[in-house]
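Notes follow the structure.
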Amino acid sequence: MSDTPANDQPEEDEEIILADLNDEDLTAQMHDDLYDGLADEIAEGTNLLLSRGWAADKVLNDALVEGMRIVGIDFRDGILFVPEVLLAANAMKAGMAILRPLLAETGVEPIGKIVIGTVKGDIHDIGKNLVAMMMEGAGFEVVDVSVNAEVDEYLAALEEHKPDILGMSALLTTTMPYMKVVIDTMAERGLRDDYIILVGGAPLNQEFGDAIGANGYCRDAAIAAEMATAMVAAKRAA
Ligand code: B1M
């Protein structure tokens with residue numbers, strides 16, 4: 001029996017030369033590389049597509065956002081887990097870092113803006129960071145107020161950045177009530193209806209989201225990005 005690979009099948013570890021691929025195959029390969037969290041390859045693919053005359057927003061949408069959409073589906077369905085998604089998000093950021101100045105230059109508008117942070121008393125940031133990255137992948141500009149965010153920090157960020165969405169994360173049953181403090185303070189100051197408010201975090205559920213007056217409870221980062229996209233589109237259409 002021969003130990004050579006069957007016919008024309010490439011060997012498992014055969015190196016793929018991105019520059020040798022046509023645009024369609026390169027885009028498909030970038031989806032795979034994003035899925036596998038290969039930041040260097042994503043940066044190389046992004047530069048290659050740009051060098052072939054692709055507009056920055058086309059590279060963003062067809063190569064990166066589409067790749068991240070596939071990652072998001074498998075994350076939602078339990079096929080990919082947090083470490084893989086963080087690597088994919090990191091790879092996406094490598095491409096975004098190249099595209100960001102070009103997008104700004106050509107005046108391509110983000111589809112919306114979100115201020116996001118983990119609430120006061122809570123330093124869990126992995127889920128919040130994933131949501132931020134997924135939001136970036138979906139085309140949002142993200143302002144991250146980090147962790148342990150007090151109501152005044154949220155309000156200052158809303159005032160300064162004028163986002164469409166306020167996103168809040170909480171991982172502790174002791175900190176999740178603080179979301180209501182933020183929403184109530186916004187209501188007291190007549191700001192509540194100016195923003196779409198999305199909340200998430202492991203101990204939350206839909207009932208809690210409804211009870212505190214959020215516009216949406218997001219079970220995971222993929223749902224958060226989907227919900228944000230749909231709600232901003234609806235707000236723009238209204
Ligand atoms: Co802590 N911790 N922790 N912890 N920790 C939990 C949350 C806990 C459930 C563990 C347990 O006991 N089983 C428990 C809470 C119990 C409770 O409240 N009933 C707990 C505790 C008790 C604590 C301490 C109090 C422990 C101590 O010191 N005695 C302490 C509190 C510190 C503080 O915040 N003040 C503490 C500390 C820590 C570490 C620092 C060690 C570390 C955090 C590191 C970091 O974040 N940089 C940590 C970790 C890692 C966890 C667990 C193990 C994992 C959390 C995580 O990152 N999950 C956690 C147990 C668990 O949840 N299974 C636990 C992965 C992440 C991707 O999921 O954050 O749920 P998640 O985010 C998801 C969704 O929820 C949603 O999308 C994300 C992605 O799909 N989502 C949003 C989240 N935020 C969103 C915001 C949105 C939308 C969607 O806005 C639009």
Side-chain angles (χ1 to χ4, degrees), residues 35 37 68-90 92-93 110-151 153-155 157-158 161 163-183 186 192 194-235:
Y35 197 94
M68 206 59 180
R69 190 185 65 82
I70 298 165
V71 169
I73 289 169
D74 279 5
F75 183 43
R76 185 192 60 203
D77 294 345
I79 296 163
L80 287 179
F81 295 95
V82 171
E84 290 107 322
V85 178
L86 283 173
L87 280 174
N90 188 46
M92 170 135 188
K93 286 201 153 189
I111 66 168
K113 197 189 280 189
I114 175 170
V115 163
I116 190 167
T118 303
V119 296
K120 183 183 173 188
D122 201 322
I123 60 164
H124 295 86
D125 71 353
I126 297 172
K128 183 261 300 167
N129 291 346
L130 264 177
V131 173
M133 289 174 185
M134 286 284 187
M135 290 282 182
E136 279 199 350
F140 281 87
E141 183 182 342
V142 176
V143 178
D144 187 348
V145 295
S146 191
V147 296
N148 195 22
E150 302 213 17
V151 63
E153 289 174 80
Y154 285 115
L155 293 180
L158 295 179
H161 299 285
D164 303 282
I165 301 173
L166 169 64
M168 290 187 281
S169 179
L171 263 287
L172 300 171
T173 47
T174 49
T175 58
M176 54 194 256
Y178 195 76
M179 292 174 165
K180 183 161 163 36
V181 173
V182 177
I183 295 175
M186 288 170 70
R192 169 63 190 92
D194 296 346
Y195 305 95
I196 296 162
I197 301 182
L198 299 180
V199 295
L204 278 66
N205 56 29
Q206 184 65 53
E207 199 182 356
F208 177 79
D210 293 343
I212 63 171
N215 296 93
Y217 155 70
C218 314
R219 197 187 62 223
D220 61 38
I223 287 174
E226 277 171 23
M227 211 180 262
T229 305
M231 285 186 176
V232 168
K235 185 179 157 190

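Numbering of ligands and ligand atoms starts at 1, following listing order. These numbers come from the heavy atoms of this one structure, side chains and all, not from hydrogens, waters or symmetry mates.
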Quiz item: Based purely on interatomic distance, does Ile123 place a nitrogen or oxygen under 3.5 Å from a nitrogen or oxygen of ligand 1?
Solution: yes

Quiz item: Which heavy atom in Tyr195 sits nearest to a heavy atom in Asn215, and how many Å separate them?
Solution: O-OD1, 3.7 Å

Quiz prompt | Sidechain-backbone polar pair: Tyr154 side chain, Gly117 backbone, donor-acceptor under 3.5 Å | solution = yes

Exercise. Check whether any heavy atom of Met134 sits under 4.0 Å from an atom of ligand 1.
Key: no

Quiz item: Number of protein N/O/S atoms less than 2.8 Å from atom 1 (Co) of ligand 1?
Solution: 1

Check: residues 197-211 side-chain donor-acceptor pairs under 3.5 Å, at least two apart:
| residue | atom | partner | partner atom | Å |
| --- | --- | --- | --- | --- |
| Asn205 | OD1 | Glu207 | N | 3.2 |
| Asn205 | OD1 | Phe208 | N | 2.8 |
| Gln206 | NE2 | Asp210 | OD1 | 3.0 |

Less than 3.5 Å apart, which donor and acceptor atoms pair up between the side chains of residues 128-145 and the rest of the protein, not counting sequence neighbours?
| residue | atom | partner | partner atom | Å |
| --- | --- | --- | --- | --- |
| Lys128 | NZ | Asp144 | OD1 | 3.1 |
| Lys128 | NZ | Asp144 | OD2 | 2.9 |
| Asn129 | ND2 | Asp125 | O | 3.2 |
| Glu136 | OE1 | Arg100 | NH2 | 3.2 |
| Glu136 | OE2 | Arg100 | NH2 | 3.4 |
| Asp144 | OD1 | Ser146 | N | 2.7 |

Self-check item: Proximal candidate to atom 82 (C) of ligand 1 [heavy atom criterion; set Ala221, Ala228, Gly200]
Solution: Gly200

Exercise. Examine the proximity of ligand 1 to Asp122 and report which part, side chain or backbone, both or neither, has a heavy atom under 4.0 Å away.
Key: both

Quiz item: For ligand 1, which part of Leu198 has a heavy atom less than 4.0 Å away: the side chain, the backbone, both, or neither?
Solution: both

Practice problem: Taking the side chain as every heavy atom from C-beta outward, state whether Phe75 and Glu84 have any atom pair closer than 4.5 Å. | Solution: no

Exercise. Determine yes or no for a side-chain-to-main-chain donor-acceptor pair under 3.5 angstrom, with Asp77 supplying the side chain and Ile79 the backbone.
Key: no

Quiz item: Got Val232 and Ile111 here, is their nearest side-chain heavy-atom distance under 4.5 Å?
Solution: no

Quiz item: Does ligand 1 have an atom under 4.0 Å from some heavy atom of Thr174?
Solution: no

Quiz item: Can you tell me if Gly121 has a non-hydrogen atom under 4.0 Å from ligand 1?
Solution: yes

Quiz item: Just distances here: any N/O of Asp125 and N/O of ligand 1 closer than 3.5 Å?
Solution: yes

Exercise. Keeping to residues at least two apart or across chains, list the side chain to side chain donor-acceptor pair (under 3.5 Å) pairs with something in residues 112-124.
Key: Asp122-His124, Asp122-Thr175

Quiz item: Should Ile223 and Tyr217 count as side-chain neighbours, where that means a heavy-atom distance under 4.5 Å?
Solution: no

Quiz item: Of Lys128, Met179, Met168, which has the heavy atom at the shortest distance from atom 86 (C) of ligand 1?
Solution: Met168

